[in-house]
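What you see is a predicted model, and the numbers here were worked out from it, not measured in a lab. One is the number of the first residue; the rest follow in order along the sequence.
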Amino acid sequence: MPGGRLTQQERHQIALGLADSLPYAEIARRLDRPTSTITREVMRNGGPTGYRADLAHRATERRAHRRRPTASRGAQPAPQANGPDAEAVAEYEETLTTVLMASGLSKMSARVLTCLFTTDAGSLTAAELARRVQVSPASISKAIAFLESQSLVRRERDDRRRDRYIVDDELFYQATIASARANDQLVETARRGVAILGPDTAAATRLENIARFLDFISESITRAAEQAREVLHTPPVSSSIDS
């Protein structure tokens with residue numbers, strides 16, 4: 001069934017598809033599976049170049065085995081009567097983590113950011129993150145340091161003098177501007193190379209073209225971010241229609 005667990009045979013077909021450089025969507029179509037299932041399977045088991053079907057299957061079995069004792073002790077809170085489906089939430093969090101990894105984040109940074117994104121308060125302490133992600137505080141600290149350097153999270157002290165790590169709407173604007181600033185540094189460095197290599201060389205021409213391209217992209221990103229900034233602070237209009 002499309003909604004069931006991947007079988008070992010399906011994992012071998014995924015490996016063959018990757019070897020043939022097929023896109024995830026095509027592999028998913030051949031297996032009658034959602035594309036997100038294939039993307040998540042590959043990214044959590046070595047990526048497109050490191051995926052091994054048998055290793056992935058054994059790793060999945062080990063993860064399933066580790067989950068059983070926790071479930072039997074009743075450690076997970078019971079879902080609220082009118083709240084979101086716990087299994088659907090877990091599936092979504094795994095998918096979001098995979099997408100963030102595909103965008104360039106490490107697995108730990110992606111997991112931490114997913115936790116913060118999917119928390120109503122938009123903030124958690126290091127201890128809360130460690131419990132949710134089930135890793136050591138040191139791993140959380142390293143991931144947070146990277147996310148802060150990219151302007152993807154910020155920290156504040158709460159009433160108990162604990163550091164809280166926060167995501168809010170304004171951080172998306174700040175992260176976009178930071179990305180544009182990173183382009184600016186590359187533009188400056190490329191143009192320094194033009195002067196050193198000599199303007200009449202092929203290498204200098206290449207660097208100047210890169211600099212002009214990134215300069216244009218940086219200006220466009222900054223202008224678009226300024227124009228769209230208000231969207232981050234405007235409540236979405238409900239699309240529901242009263243029947």
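In this structure, Val42 and Leu18 have side chains that are in contact, with non-hydrogen atoms separated by less than 4.5 Å. Put simply, the side chain of Asp54 reaches to within 4.5 Å of the side chain of His12, judged on heavy atoms. Counting heavy atoms from C-beta on, the side chains of Arg58 and Gln8 never come closer than 4.5 Å. With a 4.5 Å cut-off on side-chain heavy atoms, Pro48 and Tyr24 count as touching.
For Arg160, the CZ atom counts as loosely surrounded, since its 6.0 Å shell holds 12 or fewer non-hydrogen atoms of other residues, nucleotides or ligands. The local environment of CZ in Phe213 is sparse, with at most 12 non-hydrogen atoms from other residues, nucleotides or ligands closer than 6.0 Å.
With Ser218 contributing its side chain and Asp215 its backbone, the two residues share no donor-acceptor pair below 3.5 Å. Using a distance-only test at 3.5 Å, with no hydrogens or angles considered, no donor-acceptor pair links the side chain of Ser141 to the main chain of Pro137. In terms of modelled atom types and a separation under 3.5 Å, the side chain of Thr125 and the main chain of Glu128 share a donor-acceptor contact. Not one N or O on the side chain of Glu26 forms a donor-acceptor pair closer than 3.5 Å with the backbone of Pro23. Put simply, the side chain of Thr39 gets close to the backbone of Thr35: a donor and an acceptor are under 3.5 Å apart. Between the Thr37 side chain and the Arg33 main chain, no donor and acceptor come within less than 3.5 Å of each other. Arg155 places no side-chain N or O within donor-acceptor distance of the main-chain N or O of Arg164, the cut-off being under 3.5 Å. Within the 3.5 Å criterion, the main-chain N or O of Gln185 finds no donor-acceptor partner in the side chain of Glu188.
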For residues 172-182, please give each side-chain donor-acceptor pair under 3.5 Å, one per line with the distance, not counting sequence neighbours.
unit_1	atom_1	unit_2	atom_2	d
Tyr173	OH	Glu226	OE1	3.4
Tyr173	OH	Glu226	OE2	2.5
Thr176	OG1	Phe172	O	2.8

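Every side chain to side chain contact (heavy atoms under 4.5 Å, CB included) that Thr205 has, sequence neighbours left out, goes to Asn209. For Glu156, the salt bridge (Lys or Arg N to Asp or Glu O under 4.0 Å) partners at least two apart in sequence or on another chain are Arg154. Partners of Arg229 under the salt bridge (Lys or Arg N to Asp or Glu O under 4.0 Å) rule, at least two apart in sequence or in another chain, are Glu170. Applying the salt bridge (Lys or Arg N to Asp or Glu O under 4.0 Å) test to Arg131 and every residue at least two apart in sequence or in another chain returns nothing.
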Going through the checks in order, is the side chain to side chain contact (heavy atoms under 4.5 Å, CB included) test met by Leu113 and Val167? CA-CA 8 Å; Leu113 202 55; Val167 292; 3.9 Å; yes
Would you check, one step at a time, whether the test side chain to side chain contact (heavy atoms under 4.5 Å, CB included) holds for Leu207 with Arg191? CA-CA 7 Å; Leu207 288 171; Arg191 288 202 164 121; over 6 Å; no
Let's go through Thr98 and Ser36 carefully: what are the C-alpha distance in whole Å and the side-chain angles of both, what is the deciding distance for side chain to side chain contact (heavy atoms under 4.5 Å, CB included) to 0.1 Å, and is it a yes or a no? CA-CA 9 Å; Thr98 301; Ser36 61; over 6 Å; no
Determine, stepwise, if the pair Leu147 / Val112 fulfils side chain to side chain contact (heavy atoms under 4.5 Å, CB included). CA-CA 9 Å; Leu147 293 172; Val112 167; 3.8 Å; yes
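The two residues Thr201 and Leu197 come nearest to each other via the heavy atoms CG2-O, 3.1 Å. What you find for Ile166 and Leu171 is that their closest heavy atoms are O-CD1, 3.2 Å. Across all non-hydrogen atoms, the minimal contact from Ala204 to Gly198 is CB-O, 2.8 Å. Across Arg5 and Glu10, no two heavy atoms sit closer than the pair O-OE1, 4.0 Å. Closest non-hydrogen pair, Ala190 versus Ala211, comes out as CB-CB, 4.0 Å.
Val133 and Leu152 end up in the same hydrophobic cluster when Ile, Leu, Val, Met, Phe, Trp and Tyr side chains are linked at under 4.5 Å. Side-chain heavy atoms closer than 4.5 Å link hydrophobic residues (I, L, V, M, F, W, Y) into clusters, and following such links, possibly through other members, connects Leu105 to Tyr92. Grouping the Ile, Leu, Val, Met, Phe, Trp and Tyr side chains by contacts below 4.5 angstrom, directly or via other members, places Ile144 apart from Met101. Under a hydrophobic-cluster definition in which Ile, Leu, Val, Met, Phe, Trp and Tyr are linked whenever side-chain heavy atoms come within less than 4.5 Å, directly or via other members, Val135 and Val153 are assigned to the same cluster. Under a hydrophobic clustering in which Ile, Leu, Val, Met, Phe, Trp and Tyr are joined whenever their side-chain heavy atoms come within less than 4.5 Å, directly or via other members, Phe117 and Ile140 fall into the same cluster.
Residue Leu6 holds its CG atom at 8.5 Å from CZ of Arg40, rounded to the nearest 0.5 Å. Rounded to the nearest 0.5 angstrom, Leu186 CG and Ile210 CD1 are separated by 7.5 Å. We find the OG1-CG distance between Thr222 and Asp184 to be 6.5 Å, quoted to the nearest 0.5 Å. Interatomic distance, CG of Leu129 versus OG1 of Thr119, reported as 7.5 Å (0.5 Å rounding). Rounding to the nearest 0.5 Å places CD of Glu219 at 11.5 Å from CG of Leu214. If you take CG on Leu116 and CZ on Arg132, they are separated by 8.0 Å, rounding to the nearest 0.5 Å.
Between Ser139 and Ser136, the side chains place a donor N or O and an acceptor N or O closer than 3.5 Å (distance only, hydrogens not considered). Side-chain N/O atoms of Tyr51 and Glu41 include a donor and acceptor closer than 3.5 Å. Counted by atom type alone, Thr118 and Glu93 present one or more donor-acceptor pairs between their side chains at under 3.5 Å. With hydrogens and angles left out, the side-chain atoms of Arg111 and Thr97 include no donor and acceptor closer than 3.5 Å.
The list of ring-ring contact (aromatic ring centres under 6.0 Å, His included) pairs with a residue in residues 122-158, not counting sequence neighbours, is empty.
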